[in-house]
Undergrad: 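My questions all concern the structure below.
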Amino acid sequence: MQPFVFNTTKSIVFQPGASSDLSGVAGKLLGETVLFVTDPGLRKLGLCNAGLASLEANGHEVTVFDQVEADPSRATLEAAVEAGRTAGVTGVVGFGGGSSLDVAKVASLLLGSGDDLDDAWGVGQAKGPRLPLVLVPTTAGTGSEVTPVSIITVGEEEKRGISSPVILPDIAVLDADLTLGLPASITAATGVDAMVHAIEAYASANANNNPLSRVLAREALRLLGANIRTVVSDPGHVEARGSMLLGSMLAGQAFANSPVAAVHALAYPIGGTFHVPHGLSNALVLPHVLRFNAPDAYALYAEIAADAFPELAAIDGTQARCTAFIDALADLSRELGMPTRLRDVNIPETALEKMAEDAMLQTRLLVNNPREVAEADARAIYRAAW
C-alpha cells in the first residue's frame with residue numbers, strides 16, 4: 001500500500017438545531033470577541049439569528065461581516081479581515097455556503113498570523129497560525145467545512161486558491177435545520193456538486209489517492225444518490241436533509257485528501273466569467289468530462305456506479321456499467337430541473353475558445369485527472385456541453 005496523508009477537521013458536530021447553541025458548542029474556543037462571516041441573504045432570512053443570540057447572550061462580543069457574495073472577491077476578503085482586525089477578534093465563525101466558509105478560513109489565517117495574502121496562494125504556502133475557527137454550512141454541497149482549501153476571485157475573472165491543512169477549522173457544525181429552506185434549484189445544484197466531489201476523489205490520479213478517501217467517497221455517493229430527489233421534491237424532509245449534509249461532508253473529506261480534477265477545472269471558467277453558481281457549473285460539464293475520461297477510467301466509474309444508482313448493479317460489464325453511470329448522471333440533472341447545456345445559462349458559442357484557454361490554467365486540478373487533458377480536448381468538451 002502506498003503512503004498517504006489524511007487530514008480533516010478535528011471535531012464534527014452533527015445535530016439538528018446545533019447552530020442555535022453556538023456558544024455551548026464552541027464558545028470557549030472562540031474567546032470573547034468573535035468575527036461572524038456570512039452573506040446578506042442569510043442575514044435577511046434570519047438564519048443567523050439563533051446562533052448570534054447564543055453567542056451574545058453568553059457574553060461574546062460579535063462583529064458581523066455579512067457582505068460575502070458568490071465567488072467572493074479579494075476585496076470582500078480584505079474587508080472581512082479589516083473588520084476583524086478593527087474589533088480585535090479572538091475567533092472566527094463562518095456561517096453559510098462555500099463562499100462564506102472560504103472567506104472565514106482565510107480571514108482566520110490572516111488575522112491569526114499577520115501574513116500577507118499573496119504569500120499564502122498555492123499548495124502548502126499558508127503557514128499560520130490562524131485564529132480559532134468554527135464553520136457552519138447552510139448548504140449540502142461544498143464540503144468546505146472539512147477541506148483545507150479556499151477559493152477567492154482575484155481581478156475580474158481569475159480564481160485563485162489557498163490549500164493548506166492550517167485552514168481546516170477546529171469545529172464543523174452540521175445542522176440539517178439550516179438547509180430546510182433552500183430553494184429547489186440550489187438544493188439540486190449543491191447536491192450534484194457534492195456528487196462530483198465524491199466521483200472525482202475516487203478516480204483522482206493524485207499520488208495521495210488513498211483507501212480512506214475512496215471509502216468516504218462511496219458512502220457519500222450512497223447517501224447523496226438516495227436522498228437528492230427527496231430533498232428537491234420534499235424540501236422539509238429533515239432526515240433526507242441530514243443525509244445530504246452528511247454525504248456532502250464525507251465527499252469533502254474525500255476530495256480534501258484525494259483532490260478533484262478536470263470537472264472542476266472546466267467549471268471554473270463558467271463560474272468565473274459568466275457567474276454561474278459553482279455547483280451548476282460542475283453539473284453542466286460533468287457527463288462530458290466523464291465521457292472523455294472513460295477510456296482510462298471506466299473501471300473506476302463502474303465500481304461506484306451502483307453506490308449512486310443501485311439499479312445499475314444489474315448491468316454486467318464494466319464498460320456498459322460505466323456508460324450507464326454517466327448517462328444516469330446526465331438524466332439526474334434533467335430530472336432535478338437543472339439547466340443541462342451551456343447555452344441554457346446564456347454562454348455564447350463564441351466564448352468556448354477562451355474558456356478552454358482559461359481552463360488550462362487550472363494545472364493544480366488537471367494534473368489529478370485520470371486522463372490527460374489538452375486544450376483541444378477542453379474545447380471539444382465545452383462544445384459537447386454547449
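Heavy atoms only: backbone and side chains are in, while hydrogens, waters and symmetry mates are out.
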Undergrad: Is the side chain of Thr9 donor-acceptor paired with the backbone N or O of Ser11 at a distance under 3.5 Å, no angle test?
TA: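 No, because the side chain of Thr9 does not come within donor-acceptor range (under 3.5 Å) of the backbone of Ser11.
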Undergrad: Taking atom types as modelled, find out whether Ser258 and Asn208 have a side-chain donor-acceptor pair closer than 3.5 angstrom.
TA: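 There is no such pair between these side chains.
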Undergrad: So do the side chains of Phe36 and Thr38 get within less than 4.5 Å of each other, counting heavy atoms only?
TA: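 They are in contact (side-chain heavy atoms under 4.5 Å apart), so the answer is yes.
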Undergrad: Going by an N to O cut-off under 4.0 Å, is there a salt bridge joining Asp175 and Arg241?
TA: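 Salt bridge absent between Asp175 and Arg241.
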Undergrad: Return the CG to CG distance between Leu312 and Asp307, rounded to the nearest 0.5 Å.
TA: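 Leu312 atom CG to Asp307 atom CG measures 10.0 Å (nearest 0.5 Å).
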Undergrad: Under 6.0 Å from the CD atom of Gln125, do we count more than 12 heavy atoms belonging to anything else shown?
TA: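 Yes, enclosed.
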Undergrad: Treating Ile, Leu, Val, Met, Phe, Trp and Tyr as nodes and any side-chain heavy-atom pair under 4.5 angstrom as an edge, say whether Leu77 and Ile151 lie in one connected cluster.
TA: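 Not linked; separate clusters.
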Undergrad: Salt bridge between Glu349 and Arg343, side-chain N to carboxylate O under 4.0 Å?
TA: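 No, Glu349 and Arg343 are not salt-bridged.
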Undergrad: Any luck finding a side-chain donor-acceptor pair between Ser99 and Glu69 under 3.5 Å?
TA: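 Looking only at side-chain atoms, Glu69 and Ser99 do not form any donor-acceptor pair under 3.5 Å.
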Undergrad: Does either side chain, that of Lys28 or that of Ser23, offer a donor lying less than 3.5 Å from an acceptor on the other one?
TA: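 No, because no side-chain N or O of Lys28 sits under 3.5 Å from a partner of the opposite role on Ser23.
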Undergrad: Is Asp358 salt-bridged to Lys354, going by a charged N under 4.0 Å from an acidic O?
TA: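 Yes, Asp358 and Lys354 are salt-bridged.
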Undergrad: For Ala198, does its backbone N or O pair with a side-chain atom of Arg218 as donor and acceptor, under 3.5 Å?
TA: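 Not at all, since once roles are kept as given, no pair shorter than 3.5 Å links the two residues.
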Undergrad: Heavy-atom count around Glu375 CD within 6.0 Å, excluding the residue itself: above 12?
TA: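 Result for CD/Glu375: enclosed.
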Undergrad: Identify the heavy atoms of Met195 and Leu221 that sit nearest to each other, and give their distance.
TA: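 Closest approach of Met195 to Leu221, heavy atoms only: O-CD2, 3.9 Å.
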Undergrad: Given 3.5 Å as the limit, does a donor-acceptor pair link the side chain of Thr190 with the main chain of Ile186, or not?
TA: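 Checked: pair present.
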Undergrad: Can you get from Leu133 to Val173 by hopping between Ile, Leu, Val, Met, Phe, Trp and Tyr side chains that sit under 4.5 Å apart?
TA: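 Unlinked, Leu133 and Val173 end up in two clusters.
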Undergrad: Determine whether Val103 and Tyr268 fall in the same hydrophobic cluster, where Ile, Leu, Val, Met, Phe, Trp and Tyr are linked whenever their side-chain heavy atoms lie under 4.5 Å apart.
TA: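 Looking at the clustering, Tyr268 is in a separate group from Val103.
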Undergrad: Is the backbone of Glu372 close enough, under 3.5 Å, to the side chain of Asn369 for a donor and an acceptor to pair up by distance?
TA: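 No; zero donor-acceptor contacts below 3.5 Å.
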Undergrad: Between Ser213 and Asn210, do the side chains contain an N or O donor and an N or O acceptor separated by less than 3.5 Å?
TA: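 Yes, a side-chain donor-acceptor pair sits under 3.5 Å.
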Undergrad: If only atom types and distance count, is the side chain of Asp21 paired as donor or acceptor with the main-chain N or O of Gly17 below 3.5 Å?
TA: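 No, the answer is negative, given that no donor and acceptor are paired below the 3.5 Å cut-off.
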Undergrad: Counting only N and O atoms by type, is there a donor-acceptor contact under 3.5 Å from the side chain of Asp193 to the main-chain atoms of Ala189?
TA: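 Flag not set: sc Asp193 to bb Ala189 has no pair under 3.5 Å.
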Undergrad: For Asp39, is there an ion pair with Lys44 - N to carboxylate O distance below 4.0 angstrom?
TA: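 Between Asp39 and Lys44 there is no salt bridge, as every charged N stays at least 4.0 Å from the carboxylate O atoms.
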Undergrad: Check for me, please, whether Leu180 and Leu182 land in the same ILVMFWY cluster - side-chain distances under 4.5 Å, paths through other members count.
TA: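 Each belongs to a different hydrophobic cluster.
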Undergrad: May I have the step-by-step check of side chain to side chain contact (heavy atoms under 4.5 Å, CB included) for Gln362 and His264, ending in yes or no?
TA: CA-CA 9 Å; Gln362 299 294 332; His264 278 71; over 6 Å; no
Undergrad: Ignoring hydrogens and angles, state whether a donor on the side chain of Glu61 or Thr33 is under 3.5 Å from an acceptor on the partner side chain.
TA: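 Short answer, no.
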Undergrad: Please report the shortest heavy-atom distance between Lys10 and Asp170, naming the atom on each side.
TA: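 Smallest heavy-atom distance, with atoms named: NZ-OD1, 3.3 Å.
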Undergrad: When rounded to the nearest 0.5 angstrom, what distance separates CG in Asp115 from CG in Leu110?
TA: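 Nearest 0.5 Å value for the CG-CG distance: 7.0 Å.
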Undergrad: Does a side-chain N-to-carboxylate-O contact under 4.0 Å join Asp344 and Arg341?
TA: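 Salt bridge flag = no for Arg341 with Asp344.
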Undergrad: Under 3.5 Å, is there a donor on one side chain and an acceptor on the other for Asn209 and Tyr202?
TA: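 Looking only at side-chain atoms, Tyr202 and Asn209 do not form any donor-acceptor pair under 3.5 Å.
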Undergrad: Do Arg229 and Asp234 meet the salt-bridge criterion of a basic N to acidic O distance under 4.0 Å?
TA: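 The answer is no: the pair does not qualify as a salt bridge.
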Undergrad: With distance as the sole criterion, is a donor-acceptor pair present between the side chains of Glu82 and Thr86 under 3.5 Å?
TA: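 Side chains of Glu82 and Thr86: pair found under 3.5 Å.
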Undergrad: Would you mind checking if Arg222 and Glu219 are paired as a salt bridge, meaning a charged N to carboxylate O distance below 4.0 Å?
TA: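 Salt bridge between Glu219 and Arg222, a charged N being under 4.0 Å from a carboxylate O: yes.
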Undergrad: Decide whether Leu286 and Leu224 are clustered together by the hydrophobic rule: side chain heavy atoms of Ile, Leu, Val, Met, Phe, Trp, Tyr closer than 4.5 Å, transitively.
TA: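 Hydrophobic grouping puts Leu286 with Leu224.
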Undergrad: Check the pair Asp118 / Arg74 against salt bridge (charged side-chain N to carboxylate O under 4.0 Å, His left out), numbers first and verdict last.
TA: CA-CA 11 Å; Asp118 287 323; Arg74 177 174 185 153; 2.9 Å; yes
Undergrad: What's the separation between atom OG in Ser281 and atom CD1 in Ile270, rounded to the nearest 0.5 Å?
TA: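 Rounded to the nearest 0.5 Å, the OG-CD1 separation comes out at 5.0 Å.
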Undergrad: Ignoring hydrogens and geometry, is there a side-chain-to-backbone donor-acceptor pair from Lys105 to Pro169 under 3.5 Å?
TA: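 Such a contact is absent between Lys105 side chain and Pro169 backbone.
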